[in-house]
**Q** 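Provided herewith is a single structure, encoded as structure tokens, for subsequent inquiry.
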Amino acid sequence: MDDGAKSRSRFLLPAAILIPLLAAGGFLLWQAARAKVYRRADYLMGTLVEITAYGGKARAGVDAAFAAMRRIEALTDSRRPGSDVARLARAAGRGPVRVRPETMAMLRLAAAYWRRSRGAFDVTVAPVVRAWGFEPGGKPRLPRRDELLAALRLVGGGDLILDARAGTARLARAGMAVDLGGLAKGYAVDRAYEALARAGVRGALINGGGSSIRVLGRPPRGGRWRIGLAHPRRAGEFLAVFLLRPGEALGTSADNQRFFMAGGRRYAHLIDPATGEPARRSILFSVVGGRAAVADILSTACFVLGPKEGLEFAARERARGLVYGADGRVRRSPGLSVSELNP
Ligand code: AMP
Ligand code: MG
């Protein structure tokens, strides 16, 4: 955070900071090769979302799924002045803002998991995310110490006040903001899942940039969906192949999704709200659960908590996790279904 480090970092800041897991070898759709499929990919919520569906209703289902995801994107994009997230930030310290039911649902989830994770998951971390330049469209960089401390003082999940009956949200102090980046993609994947199911699609895979996945039904040839997870340190290799049951979701947070290097150190977009610094105990944390929004939240929270506490937290939430720790060790929950592991 000193100026020397800042100038050194200039040479190390790569232009391509956004390296979604997909680009690094990605997630394989083993089953998709042969079946009659309809597949569409679209750039959405800062990542490439790909939906693959099978059968006669596939096309209508995929169209409806993308439309549902676009609606969530519009509510959560801080760069759109009219989004709920932008309106909430503008009214911080002034008064409550009426938000859409979906935004309220996301904020309520965020508040619940802020408590349950004892602050490891905190959407009010937004000012700190911005200080590091990790906001959408931002330029990742080392913040000055005073700048970081000022941002950290604006963080506090308890100062996000929700009135579900009135449909309003309020940030208690001026300068506060929320960043729904830790759960919005998962929430949108769940809305896509519902849209596909409503359209009568029996089998589909929704892949939100590799980091948020949910499957509908079974793959065309039956059995479980096999989802390959890119190794966070070895390009072109898999860390694990997950086996997902109908309806299950997989969320992954990793320090290679958005990061920069400075002074030989890696600085990633997952922030420990207790310190304002990038969390360092994990390299990658995947969580399998029943809902993509919750798997998304848990992967972020568990990443911050680190291997031991993260796996304990996942177990308390009846989810299963796989973590690649900063020590290079891979650990997982007892009930987790993986068919291959390549630590
Ligand atoms: P994900 O890739 O789903 O783990 O989400 C990472 C995104 O969540 C970051 O880009 C930030 O926008 C936001 N974020 C970072 N740290 C936290 C945290 N401790 N709690 C909640 N959201 C966070
Ligand atoms: Mg997440």
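This structure is a prediction, so every number in the text was calculated from the model and none was measured. Counting starts at 1 for both ligands and their atoms, following the listed order.
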**Q** Give a yes or no answer on whether the side chain of R141 reaches the backbone of A131 with a donor-acceptor pair at less than 3.5 Å.
**A**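 Between the backbone of A131 and the side chain of R141 there is a qualifying donor-acceptor contact (under 3.5 Å).
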**Q** Considering the options R266, R265, R281, which one meets the salt bridge (Lys or Arg N to Asp or Glu O under 4.0 Å) requirement together with D255?
**A** R266
**Q** At a 4.0 Å cut-off, with the gap strictly under it, does some heavy atom of P273 reach an atom of ligand 1?
**A** yes
**Q** Side-chain heavy atoms nearer than 4.5 Å, only ILVMFWY residues, links allowed to pass through others: does that put W114 and V125 together?
**A**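 W114 and V125: separate clusters.
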**Q** Does any N or O atom in S253 lie less than 3.5 angstrom from one in ligand 1, N or O only?
**A** yes
**Q** Rounded to the nearest 0.5 Å, how far does CG of D179 lie from CG of D122?
**A**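 If we round to the nearest 0.5 Å, D122:CG and D179:CG are 10.5 Å apart.
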**Q** With carbon and hydrogen excluded and only N/O/S kept, which atom of D296 is nearest the Mg ion (ligand 2)?
**A**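 Output for this pair reads OD1.
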**Q** Geometry only, no angles: is F134 polar-contacting ligand 1 at N/O separations under 3.5 Å?
**A** no
**Q** More than 12 non-hydrogen atoms from neighbouring residues, nucleotides or ligands closer than 6.0 Å to CZ on R191, yes or no?
**A**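 Above 12, so yes.
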**Q** Would you mind running through ligand 1 and noting each atom that sits below 4.0 Å from a heavy atom of Q257?
**A**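 By the 4.0 Å cutoff, the relevant atoms are 2 (O).
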**Q** Assess A120 for proximity to ligand 1: is some non-hydrogen atom of it under 4.0 Å away?
**A**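 A120: in contact with ligand 1 (<4.0 Å).
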**Q** Just to be sure I read this right, does ligand 1 sit under 4.0 Å from the backbone of D122, its side chain, both, or neither, counting only heavy atoms?
**A**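 Backbone only.
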**Q** Any idea which protein heavy atom is nearest atom 10 (O) of ligand 1, and the distance to it?
**A** H269 CD2, 3.1 Å
**Q** With heavy-atom distances below 4.0 Å as the criterion, list the atoms of ligand 1 near G181.
**A** 3 (O), 5 (O), 7 (C), 8 (O), 12 (O)
**Q** Hey, what's the ring geometry for F260 with F134, parallel, tilted or perpendicular (30° and 60° as the breaks)?
**A** tilted
**Q** Would you mind running through ligand 1 and noting each atom that sits below 4.0 Å from a heavy atom of D296?
**A**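 With D296 as reference, the close atoms of ligand 1 come out as 3 (O).
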**Q** To the nearest 0.1 Å, how far is atom 1 (P) of ligand 1 from its closest protein heavy atom, and which atom is that?
**A** T300 OG1, 3.4 Å
**Q** Short N/O distance, under 3.5 Å, between F121 and ligand 1?
**A** no
**Q** Please determine whether the number of non-hydrogen atoms from other residues, nucleotides or ligands lying under 6.0 Å from atom CZ of R202 exceeds 12.
**A** no
**Q** For atom 23 (C) of ligand 1, grab the closest protein heavy atom and report residue, atom and distance to one decimal in Å.
**A**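 Nearest neighbour among protein heavy atoms for atom 23 (C) of ligand 1, to 0.1 Å: V125 CG1, 3.8 Å.
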**Q** Let me check something: do Y267 and V128 share a hydrophobic cluster, defined by ILVMFWY side-chain heavy atoms less than 4.5 Å apart, either directly or through other members?
**A**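 Same cluster: Y267 reaches V128 through Ile, Leu, Val, Met, Phe, Trp or Tyr contacts under 4.5 Å.
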**Q** Identify, for atom 8 (O) of ligand 1, the protein heavy atom at the shortest distance, and state residue, atom and that distance.
**A** G182 N, 3.1 Å
**Q** Heavy atom to atom 19 (N) of ligand 1, shortest distance: which of I271, I297, D255, L298 holds it?
**A**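 Comparing heavy atoms across I271, I297, D255, L298, the nearest one to atom 19 (N) of ligand 1 lies in I271.
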**Q** Counting only nitrogen or oxygen atoms and a 3.5 angstrom limit, does S299 reach ligand 1?
**A**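 For ligand 1, there is no N or O atom that lies under 3.5 Å from one belonging to S299.
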**Q** Would you call L107 and D84 a side-chain contact if the rule is heavy atoms closer than 4.5 Å?
**A** no
**Q** Give a yes-or-no answer on whether the side chains of S211 and K185 include a donor-acceptor pair shorter than 3.5 Å.
**A**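 Distance-only check passes for S211 and K185.
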**Q** Give me the residue, atom name and distance of the protein heavy atom closest to atom 11 (C) of ligand 1.
**A**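 Atom 11 (C) of ligand 1 sits closest to the protein heavy atom D179 OD2, 3.4 Å.
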